[in-house]
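In what follows, a structure is listed as structure tokens, so that the remarks can point back to it.
Any value given below was found using the heavy atoms of this structure, including those in side chains, with hydrogens, waters and symmetry copies removed.
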Amino acid sequence: MLGRKKGFTATQSKLTSHRMRSATIGTHVPQRARASRRGMNAEAVGFSNSRKKRRAARGIVDHVTPSTASGESSQDYSRRVSRRQFAEEIQRKARVRRIVAVVGVAFVVLCVAAGVGSLAFLGSVDGKLSLGDSNAPTALVAATDGEPYYLLCAASLGAAQGEAGPETDAYLLVRVDEGARAATVVSLPSNLQVKLSDGAAHPLYDVAALGGDAALVEAVAGFAGVNVSHFARTDAEGIAHLVDAVGGVLVNVAEEVDDPTAGDVYLAEGEQALDGAAALTLLRAQNYAGGVESQAANRAAFFFALANKLMEPHGLGMIMRLDQTASDVQTDWKTLDLMALADALRGLQTTYAASVPGHETSVDGTSQYVASGGDWTDLMDRVRAGDDPAAPEAAAPAVDPASFTVAVRNGTDVTGSAAQLTKTLEAQGFKVVETGNVDDYTVYPETLVIYHDEALSPAADAVVKAMGAGRAINGGSYYTFEADVLVIIGTDYQPIV
């Protein structure tokens with residue numbers, strides 16, 4: 001028969017209490033002197049209630065919970081011990097730290113590599129764009145921040161008929177206004193007569209051969225009366241590749257192109273889609289009915305069409321476009337400069353085109369184009385102001401050629417020039433009342449159209465336009481003549497046969 005389990009005896013209780021004190025290790029247990037056998041240490045131990053404390057005082061101990069110094073609540077303790085073991089937690093945190101460190105190092109290495117690669121790539125593109133050993137930069141004048149500046153473009157177009165064919169060059173002076181997103185292109189005839197430092201007149205296409213690109217920049221800057229800040233050059237192969245690289249260009253052809261010496265392509269007037277070969281034919285053509293004005297209009301239209309196509313991409317696309325075409329053009333601009341320029345001018349809002357007013361003449365057996373001084377000065381004044389160079393001419397009032405009289409005098413050593421010019425003017429309705437030579441037998445280098453009364457200034461301008469040459473001036477009392485307008489033929493005038 002089972003009996004009821006007895007509780008702790010006094011002896012067992014004392015033994016249990018002794019064993020617990022002996023087995024308890026740690027700084028959380030106060031170090032005390034061995035208790036006297038004559039008394040218990042119930043006062044030194046914390047109990048959850050008074051009943052257990054009284055039992056302990058009598059020597060009966062069921063359970064003792066040591067008091068610690070951590071201040072951790074039972075709830076926090078329960079939460080902590082329920083997580084994964086401390087060793088595993090420490091290992092996990094160490095792994096995380098190692099992974100973060102590896103990823104961070106890899107990111108830094110990747111950024112450095114990307115930066116170095118980008119610099120190397122941009123340097124490669126800059127190298128392709130570089131002018132190399134050209135001396136052009138020595139003649140360039142830095143542009144003022146926020147102000148319009150001028151760019152000179154030179155293109156060697158080669159010969160359409162092989163090595164024996166005529167070489168063709170093209171020159172464009174471009175005024176760029178980034179703030180207004182506007183550009184004006186002035187086409188310069190390749191045989192334009194310019195004066196160099198030696199004081200002699202040379203055709204523009206000979207200048208670079210005589211003094212390098214710097215001489216070319218200086219000659220154009222002096223002729224136009226502006227500072228040239230940037231220079232770019234290309235050739236026939238470069239132009240053809242540029243056009244094909246952008247997928248062709250749409251150009252509004254001002255006058256039909258049908259010039260066998262320029263190429264085999266025929267282009268009708270109006271909007272035409274051009275590939276590289278067709279573009280070269282357009283640029284080389286010279287037999288326009290409208291002369292240099294039609295040629296200038298077609299070249300300017302091509303320039304704007306190609307520029308807009310080249311500037312279409314953004315960001316990375318623009319960088320790739322530059323890398324693809326950098327070998328086709330040499331310039332003082334860098335890659336980042338061209339990207340900024342494209343951002344500033346993308347979708348040009350205002351474009352103007354103009355040609356140099358003047359006429360062709362023969363100098364030592366060489367055909368040269370001579371600018372009309374007064375008209376050229378007026379045109380460049382409008383260009384510098386950012387106005388349309390053609391507007392004043394279009395708005396000029398018509399002058400009846402029969403409403404005034406004209407005297408023609410030969411100021412050259414070419415016999416018959418005055419008589420020939422008289423026939424030309426009379427054929428256009430002018431009333432020529434005198435023909436002859438200058439009285440002092442002086443050879444005039446420049447053709448002059450002279451008037452005394454300012455009211456006759458439009459009449460003199462009408463004569464200049466009819467001749468395609470000359471400069472209208474108020475002669476005051478220096479020149480004596482009876483007619484309303486006096487024409488003195490200079491050596492720069494080439495009679496029309």
Side-chain angles (χ1 to χ4, degrees), residues 189 191-195 199-201 203 223 291-292 356-379 393 396-497:
N191 62 340
L192 175 67
Q193 186 183 89
V194 294
K195 289 186 177 181
F223 172 72
V292 295
V356 179
H359 67 281
E360 289 195 20
T361 187
S362 179
V363 179
D364 298 329
T366 302
S367 176
Q368 295 188 20
Y369 188 89
V370 180
S372 176
D375 291 342
W376 170 243
T377 300
D378 293 341
L379 185 145
E393 181 178 346
V399 176
D400 181 3
S403 63
F404 59 93
T405 57
V406 180
V408 179
R409 295 177 185 173
N410 187 3
T412 72
D413 54 4
V414 179
T415 303
S417 293
Q420 192 170 42
L421 177 57
T422 296
K423 291 180 180 179
T424 300
L425 293 176
E426 288 179 339
Q428 297 185 52
F430 291 93
K431 187 186 294 185
V432 180
V433 296
E434 179 187 345
T435 302
N437 297 320
V438 294
D439 297 335
D440 57 1
Y441 302 101
T442 299
V443 175
Y444 285 73
E446 181 182 12
T447 299
L448 302 175
V449 180
I450 307 163
Y451 58 91
H452 291 316
D453 189 342
E454 280 297 328
L456 291 170
S457 176
D461 290 337
V463 174
V464 170
K465 186 175 181 180
M467 294 173 59
R471 177 164 61 97
I473 64 171
N474 189 331
S477 60
Y478 189 79
Y479 298 92
T480 302
F481 53 93
E482 297 295 330
D484 295 323
V485 175
L486 169 65
V487 178
I488 298 181
I489 303 173
T491 56
D492 62 340
Y493 174 68
Q494 183 179 20
I496 301 174
V497 180

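- Between I488 atom CD1 and L448 atom CG the span is 6.0 Å, to the nearest 0.5 Å.
- Nearest heavy atoms, D461 versus A472: OD1-CB, 3.5 Å.
- Within the model, atoms NZ of K423 and OG1 of T435 stand 10.5 Å from one another, a figure rounded to the nearest 0.5 Å.
- Pairing each heavy atom of A460 with each of V485, the nearest pair is N-CG2, 4.3 Å.
- Put simply, CD1 on I473 and OH on Y479 are 4.5 Å apart, with the number rounded to the nearest 0.5 Å.
- A donor-acceptor distance shorter than 3.5 angstrom exists from the side chain of D492 to the backbone of T447, with no hydrogens or angles considered.
- Summarising the geometry of A459 relative to V399, their closest heavy-atom pair is CA-CG1, 4.2 Å, with the distance given to 0.1 Å.
- The distance from the OH atom of Y444 to the CZ atom of R409 is 9.0 Å, given to the nearest 0.5 Å.
- Between the CZ atom of R471 and the CD atom of E446 there is a distance of 4.0 Å, given to the nearest 0.5 Å.
- No donor-acceptor pair closer than 3.5 Å links the side chain of W376 to the backbone N or O of G358.
- Taken to the nearest 0.5 Å, the OG1 atom of T405 stands 3.5 Å off from the CG atom of D484.
- Under the 6.0 Å cut-off for aromatic ring centres, H452 and F481 qualify, their centroids lying closer than that.
- Closest non-hydrogen pair, A418 versus G436, comes out as CB-O, 3.6 Å.
- Y369 places a side-chain N or O within 3.5 Å of a backbone atom of V356 that can act as its donor or acceptor partner.
- For L425 against V406, the heavy-atom pair with the smallest separation is CD1-CG1, 4.3 Å.
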